[in-house]
**Q** 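One structure is given below, represented as structure tokens, and several questions about it will come after.
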Amino acid sequence: MTVETHSSKYPVITIDGPSGSGKGTVCFKLAKALNYQLLDSGALYRIVGLQAYQAGLLSNVDKAGNPILDEEKLAILTQSLDIQFTANEADNLIEIYVNGERVESKIRTETVGGYASQVAVFPAVREALLDLQQRMANHSGLVADGRDMGTVVFPNADVKVYLTASAEARAKRRVAQLQLAGEKADYEQILAEIVARDERDENRQASPSKPAPDALVLDSSELDAQVVYEKIKSYCEQQGICF
Ligand code: DC
């Protein structure tokens, strides 16, 4: 894939890494502390995954049960979506709208994470989401959360971090989250889903999930969220970001 190199006059901080590494929490806190915009790029792939599922595009499977996806149809679907992120200051959250409908609760499930990872392998889908992501750095500082923020979408970012954790630590966190929400959680099943998703995200041809050569790599397996935040905050300060 050829990608336009993006240069923003506003500061950009990229935090990449697998699901459950704690990126979401740290990105939210950084954006709040700095009064920057927050780009949750995973939400974009989740939206495309859910829309593709609802349009019947994920139901076509080969003899082994693996999905056969039509890249062109997926790209057309992606281009047709009107996606808006709105900061809800009162409730301290980001609202996400697709064609006018609020979607956060629908896209946060493990199942939709799996759909997202399936559609995210296609260069045409990634290309269709690129401009939307890069434009978010045109109006203010940005904290960008994803897999390829520091490698592909914002290669000139001011600060790059790759936040990771063992699959076991991430599965335990997910189980705790689900239990807190009063939902059933099967550790072995969640671990298997995490491992399968990592495998696809890290080994795809198009923009695989990996640290940029100039990223700080941080393993959060043994760290709590506040410590991770403090470490990343002080790294940002070292790189010239003023809080
Ligand atoms: O961060 P998340 O769990 O919401 O992401 C869901 C999926 O979307 C993830 O498994 C891979 C894909 N994704 C991606 O390919 N590139 C990104 N920048 C963000 C997410």
Side-chain angles (χ1 to χ4, degrees), residues 1 3 6 12-28 31 38-53 58 67 69 71 74-75 78 81 83 85 93-94 96 98 103-137 142-155 157 160-165 167 169-171 173-174 177-178 190-212 215 220:
M1 175 170 56
V3 170
H6 182 265
V12 175
I13 300 171
T14 61
I15 316 270
D16 288 303
S19 285
S21 58
K23 291 175 298 149
T25 308
V26 81
C27 286
F28 191 82
L38 175 62
L39 166 60
D40 175 0
S41 62
L44 298 175
Y45 290 95
R46 284 171 182 266
I47 288 165
V48 175
L50 180 59
Q51 295 276 334
Y53 171 77
L58 305 188
L69 298 180
E71 182 169 2
L74 283 172
T78 307
L81 300 173
I83 302 173
F85 290 95
L93 48 83
I94 308 285
I96 308 170
V98 178
V103 296
E104 300 98 275
S105 59
K106 292 187 183 161
I107 61 171
R108 291 291 164 217
T109 65
E110 292 302 303
T111 307
V112 175
Y115 299 157
S117 173
Q118 286 180 40
V119 299
V121 302
F122 292 106
V125 170
R126 307 195 71 85
E127 194 83 50
L129 292 173
L130 191 62
D131 185 51
L132 168 68
Q133 297 176 83
Q134 292 181 334
R135 271 191 284 121
M136 286 190 70
L142 184 74
V143 180
D145 168 342
R147 302 291 188 290
D148 60 342
M149 298 295 100
T151 50
V152 175
V153 180
F154 299 108
K160 299 181 186 179
V161 176
Y162 192 85
L163 186 59
T164 186
R170 291 183 283 129
R173 285 175 194 164
R174 186 69 187 137
Q177 264 177 359
L178 289 169
I190 288 173
L191 179 61
E193 283 169 1
I194 284 177
V195 170
R197 190 130 73 90
D198 286 355
E199 162 75 19
R200 192 162 41 218
D201 294 344
E202 288 165 13
N203 296 315
R204 67 183 178 221
Q205 290 281 313
S207 312
S209 183
K210 64 171 183 192
S220 74

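Whatever order the structure lists them in is the order used to number ligands and atoms, beginning at 1. These numbers come from a predicted model, not from an experiment.
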**Q** Which residues satisfy the salt bridge (charged side-chain N to carboxylate O under 4.0 Å, His left out) test with E104, sequence neighbours excluded?
**A**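 R102.
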**Q** Would you find a donor on one side and an acceptor on the other, under 3.5 Å apart, between the side chain of D16 and the backbone of G150?
**A**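 Indeed, once roles are kept as given, a pair shorter than 3.5 Å links the two residues.
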**Q** Any side-chain heavy atom of R108 sitting closer than 4.5 Å to one from R46?
**A**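 The answer is yes, as the side chains (C-beta and beyond) meet within the 4.5 Å cut-off.
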**Q** Who pairs with E199 by salt bridge (charged side-chain N to carboxylate O under 4.0 Å, His left out), at least two apart in sequence or on another chain?
**A**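 For E199, no residue satisfies salt bridge (charged side-chain N to carboxylate O under 4.0 Å, His left out) once neighbours in sequence are set aside.
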**Q** Can you find a pair of side-chain heavy atoms, one from L50 and one from V98, that are under 4.5 Å apart?
**A**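 Sidechains of V98 and L50: no contact.
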**Q** Can you name the ring-ring contact (aromatic ring centres under 6.0 Å, His included) partners of Y115, sequence neighbours left out?
**A**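 By the ring-ring contact (aromatic ring centres under 6.0 Å, His included) rule, Y115 matches Y53.
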**Q** Report all protein residues having a heavy-atom distance below 4.0 Å to some atom of ligand 1; order the list by chain, then number.
**A**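 Correct list: S19, K23, S41, G42, Y45, R46, A116, S117, A120, R126, G146, R147, D148, M149, R197, D201, R204.
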